[in-house]
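Let me begin by presenting the structure, written as structure tokens, before commenting on it.
Each ligand, and each atom within it, is numbered from 1 in the order the structure gives.
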Amino acid sequence: MPPSLLQALRKQRYHFVGKHSAVKRCKWLYESIVHDRVCYKQKFYGIKSHQCIQMSPSLFYCTQQCLFCWRAQNGDLQIRWNEMRTPEWDSAEEVVEGSLRAQNRILSGYKGNTKASLQKLKEALAPRHVAISLTGEPTLYEKLGELLHSFHKRGFTTFLVSNGTIPTKLAELNEEPTQLYISVCAPDEKVFKHVCRPQVPNSWAKLNETLDFLSSFHCPTVMRMTLAKQLNMMKLDGYAKLVEKANPTYIEVKAYMHIGFSTLRLSYEKMPEYEEVNFFAKRLEECTGYRIIDEAPESRVVLLSKRKKPIRFSVR
Ligand code: SF4
Ligand code: SF4
């Protein structure tokens, strides 16, 4: 990878793990330990923010270049690399062990912080959840099933976020995550090509293929919609058709956040207010059988489901 890319990522506090993975401190880890405020996934699903590792096994690689993405993309800051030329992959054990060490390093920064809760810090040193969601497309990592297994056997819950453009990899997973997210950020192919900028042919058809078999997963599934103003907050009937096809356990509707490298591509004004996200979710209620069951205004997220309450995961 170009040294300028590694330098830019280090500046944004990515902790590299092996050749192609990374851990980054989520702001909610800090908020939970220092201010006793937790992320919306703790509120909805019970996983603990202070015991969560935010990581990616495919830091530099993705099949899309979404405009709203916070990751560094080929061409950002005039840095160029081939996002589809994948490396020789590290083993799942190497990625897990390296991620645990990186999280430990991150937490060592809290020692001496007088505002940090000592109890939470102690618990944080024994993480129990991993959000495989930091950047990049995780299904490009050949050993994803083994990675999930390696975390599970250590007692972790896993939330996996994929863009769904490699259905064969998802279909072949030899171990399911605790919860599976598929990003659906466009109501039709035209918007998809403009907003998600696929880098592989037939990506819209492939995403639809993933949605076709999503309900065959045993774990809870989530259709994740990241909304950006004037980009993808239209054509609700298109979204409704995709929801009907996938029949996910949940729909998470969330605002684009003007952070990371996305600031190079989108203006601040593209970030919807919570009220606009909520209005979108209410319109979605009208054209799907889903109902709003929870919300996190501070994160600009609304949760919809056919269930009355989300399934909560217990961690030690
Ligand atoms: S689940 Fe997501 S938002 Fe919550 S602490 Fe982990 S990485 Fe952060
Ligand atoms: S699919 Fe995810 S990682 Fe890839 S560009 Fe889009 S938001 Fe970023």
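Ligand-side atoms of ligand 1 in range of Ser49: 5 (S), range being under 4.0 angstrom from any heavy atom. Those atoms of ligand 1 that come under 4.0 Å of a heavy atom in Cys26, given as number and element, are 3 (S), 5 (S), 7 (S), 8 (Fe). For ligand 2, the atoms lying closer than 4.0 Å to a non-hydrogen atom of Gln73 are 5 (S). Using a 4.0 Å cut-off to heavy atoms of Arg71, the atoms of ligand 2 that qualify are 3 (S), 4 (Fe), 5 (S), 8 (Fe).
By the 30° and 60° cut-offs, the orientation of the rings of Tyr268 relative to His258 is perpendicular.
Heavy atoms of other residues, nucleotides or ligands lying less than 6.0 angstrom from NZ of Lys19 number more than 12.
Inclusion of Cys66 in the first shell of atom 8 (Fe) of ligand 2 is not supported: no N, O or S atom falls under 2.8 Å.
Under a 4.0 angstrom heavy-atom cut-off, Gly136 registers as being in contact with ligand 2. At least one heavy atom of Gln64 sits closer than 4.0 Å to an atom of ligand 2. Residue Ile47 places a heavy atom less than 4.0 Å from ligand 1. Taking a 4.0 Å cut-off on heavy atoms, Arg197 fails to register as neighbouring ligand 2.
You'll find the side chain of Lys254 stays beyond 4.5 Å of the side chain of Arg300, heavy atoms only. Side-chain atoms of Leu100 and Arg154, non-hydrogen and from C-beta on, do get closer than 4.5 Å to each other. Looking at Leu134 and Val23, their side chains never come closer than 4.5 Å, going by heavy atoms from C-beta outward.
In terms of protein heavy atoms, atom 8 (Fe) of ligand 2 is closest to Cys69 SG, 2.3 Å. Nearest protein heavy-atom contact of atom 4 (Fe) of ligand 2 is Cys62 SG, 2.3 Å.
Taking the centre and axis of the six-membered ring of Tyr181, the NZ or CZ atom of Lys41 falls inside the cone set by 45° and 6.0 Å.
To the nearest 0.5 Å, atom CD1 of residue Ile33 and atom CG of residue Leu29 are 4.5 Å apart. With rounding to the nearest 0.5 angstrom, the CG atom of Leu173 is 9.5 Å from the CD atom of Glu146.
Looking at Cys52, Cys39, Ser299, Ser32, it is Cys52 that brings a heavy atom closest to atom 6 (Fe) of ligand 1.
Counting only heavy atoms, the protein never gets under 4.0 Å from atom 2 (Fe) of ligand 2.
In terms of modelled atom types and a separation under 3.5 Å, the side chain of Glu176 and the main chain of His218 share a donor-acceptor contact.
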